Structure formats: C-alpha cells, structure tokens
Amino acid sequence: MADFQSGKPALDDWLKDMALYNQAQGYTRTFVIADESFNVVGYHSVCAGMIHRNDVSRSSKGSKAPPELPVAVLARLAVTKQHQGRGLGPALLRNALMSVVSAAQLVAFRGVIVHAIDDDAVRFYTKYQFQPTKGMERRLILPTKDIVASIAQVTR
Ligand SMILES: CC(C)(COP(=O)(O)OP(=O)(O)OC[C@H]1O[C@@H](n2cnc3c(N)ncnc32)[C@H](O)[C@@H]1OP(=O)(O)O)[C@@H](O)C(=O)NCCC(=O)NCCS
C-alpha cells in the first residue's frame, strides 16, 4: 500500500493515512483490489450522507421528497497508475454500486453521490450516468433506481 500511486496524491495519501482508521471508527468502508503479491492496486470507499432536495433534479428526488435525501457517498475511488487503462476503475465502480443496491434493501438510499476530484473524474462518472447536482461544483448523483442501468453500462 505504501507504493500506491494513482496520479492523485490526495487519494493516495488518504488510502495510506486514513482508510484503516476510518474503517475502525465507522466513518467509511473501504474495499481494495490487490495483485498476486498483495499490493493494493485499486480501492473505493463508501459512507452514508445526505443531500438537500433543492440540490437535485426532480427525477433524482422524486415527488414529495423530504428536505434531506439519504444517499450513499462514493467518497473515493482510484487505481494505481501501473494498472490504469485495464478496466479496473469501472470494475471498482460496479462493485461499489452493487454494494449500494444491496445495502439499499435494508437502509434507504435515494441515490449515490460522488465528489469528483477534477474534470477528468467528472467525465469518468458521467459516462456511467451520474448527473450534476446544484450548489456544489463536481458533485454528481446517480439515483438508486438508475443503478442497474448504470451497471449494465459499466459491464458493456
Ligand atoms: C479514473 C480511474 C478510476 C479510471 O480507472 P481505469 O481502470 O484507469 O479505467 P479505464 O482506463 O480502464 O477506463 C474504463 C473506461 O472509462 C473511461 N475513462 C477512464 N478515465 C476516464 C476519464 N478521465 N474521463 C472519461 N472517461 C474515462 C475509459 O475511456 C474507458 O471507457 P471505454 O471502456 O468505453 O473505453 C483511474 O484512471 C484513476 O484512478 N485515476 C486517478 C484517480 C481518480 O481520478 N479517481 C476518480 C475518482 S475522484
């Protein structure tokens, strides 16, 4: 894990410094992919959050939505440079979305939000049907009802 370099130091440092602590404290849940030598080559972290109904489109919030909508937050997702370009990022995204679909059977999540780290990341998520939100730059949402279609896109 010490060698993990995705090209985004903030995501690398968080994995090394915070992922385990946050796991123990119940702040985030981190899933990793490792190579045959147990080196981490990709990860995602998910937690729960809320988004105000005024910040999302009608189709994302539905009708008679409460003021705050419960959402899953895909807090971080990264693949080490050496393994980028082989579909691991979409595989991690698919895994995270499937976790949310599964969790949403027991705990209500209206959607999944991501805070994309830059415009490249926005393009990556937009490809999988994430939509812009209002009130915060580079925050995107994928309604839970659209996850299955998004997963089909990721798998294609
Ligand atoms: C973004 C990231 C997760 C993509 O993972 P990856 O395994 O390299 O993904 P791949 O290159 O195999 O791409 C899979 C698909 O996503 C597309 N894609 C990848 N990066 C993209 C980008 N920045 N913008 C738009 N599309 C992108 C590819 O074109 C490909 O589509 P295709 O299958 O239709 O050709 C990875 O590059 C990464 O970790 N980057 C640094 C960290 C980061 O930016 N994380 C984003 C979360 S905030």
Side-chain angles (χ1 to χ4, degrees), residues 1-23 25-52 55-57 59-60 69-104 109-156:
M1 196 154 81
D3 296 333
F4 189 91
Q5 286 187 351
S6 68
K8 303 282 159 64
L11 297 178
D12 306 342
D13 294 346
W14 187 90
L15 177 66
K16 292 164 201 165
D17 299 339
M18 298 307 300
L20 198 53
Y21 178 79
N22 279 16
Q23 187 83 14
Q25 296 293 322
Y27 297 148
T28 49
R29 289 285 174 250
T30 298
F31 174 94
V32 304
I33 300 179
D35 66 12
E36 60 281 359
S37 308
F38 303 105
N39 296 309
V40 174
V41 299
Y43 80 95
H44 66 61
S45 296
V46 177
C47 62
M50 302 289 250
I51 187 167
H52 197 276
D55 289 347
V56 297
S57 66
S59 74
S60 291
L69 305 174
V71 289
V73 182
L74 178 52
R76 283 168 185 82
L77 186 155
V79 174
T80 196
K81 268 198 164 306
Q82 203 186 341
H83 291 81
Q84 287 176 12
R86 302 181 195 176
L88 282 184
L92 280 165
L93 179 59
R94 179 167 177 262
N95 180 273
L97 294 177
M98 287 176 71
S99 305
V100 173
V101 169
S102 174
F109 293 118
R110 178 70 197 180
V112 185
I113 64 167
V114 294
H115 298 276
I117 196 164
D118 56 20
D119 291 341
D120 268 353
V122 169
R123 279 190 285 279
F124 174 73
Y125 289 118
T126 303
K127 205 171 148 68
Y128 302 112
Q129 301 177 24
F130 280 79
Q131 305 155 17
T133 63
K134 300 169 205 160
M136 196 181 287
E137 212 184 5
R138 295 197 293 266
R139 180 180 59 183
L140 306 169
I141 187 165
L142 176 66
T144 303
K145 63 182 171 52
D146 298 336
I147 286 181
V148 171
S150 173
I151 287 175
Q153 173 85 27
V154 177
T155 314
R156 198 177 296 158

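All values reported here derive from a predicted model rather than from experimental measurement. First listed ligand is number 1; within each ligand, the first listed atom is number 1. One is the number of the first residue; the rest follow in order along the sequence. The figures that follow rest on heavy atoms only: side chains count, while hydrogens, waters and symmetry mates do not.
Residue S6 places a heavy atom under 4.0 Å from ligand 1.
Residue-level proximity to ligand 1 for L11 is carried by the side chain, the only part with a heavy atom below 4.0 angstrom. Proximity of Y43 to ligand 1, defined as any heavy-atom pair under 4.0 Å, is not found for any part of the residue.
For ligand 1, the polar-atom distance check finds an N/O of K8 within less than 3.5 Å of one of the ligand's N/O atoms. Of the N or O atoms in D120, one or more lie within a sub-3.5 Å distance of an N or O in ligand 1. In terms of N/O distances under 3.5 Å, ligand 1 is approached by R86. Between V79 and ligand 1, at least one pair of N/O atoms sits closer than 3.5 Å.
Two residues are said to be in side-chain contact when any heavy atoms from C-beta on lie closer than 4.5 Å; I113 and H115 meet this criterion.
In this structure, the side chain of T126 engages the main chain of V122 through a donor-acceptor pair within 3.5 Å.
Nearest approach of V56 to S60, heavy atoms of both residues: CB-CB, 3.9 Å.
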- request: Any chance you could lay out the salt bridge (Lys or Arg N to Asp or Glu O under 4.0 Å) test for D118 and R138, step after step, and finish with the verdict?
  value: CA-CA 7 Å; D118 56 20; R138 295 197 293 266; over 6 Å; no
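Comparing G85, G89, A121 against atom 8 (O) of ligand 1, the shortest heavy-atom distance belongs to G85. Selection from R138, H44, K127 by nearest heavy atom to atom 30 (C) of ligand 1 gives K127.
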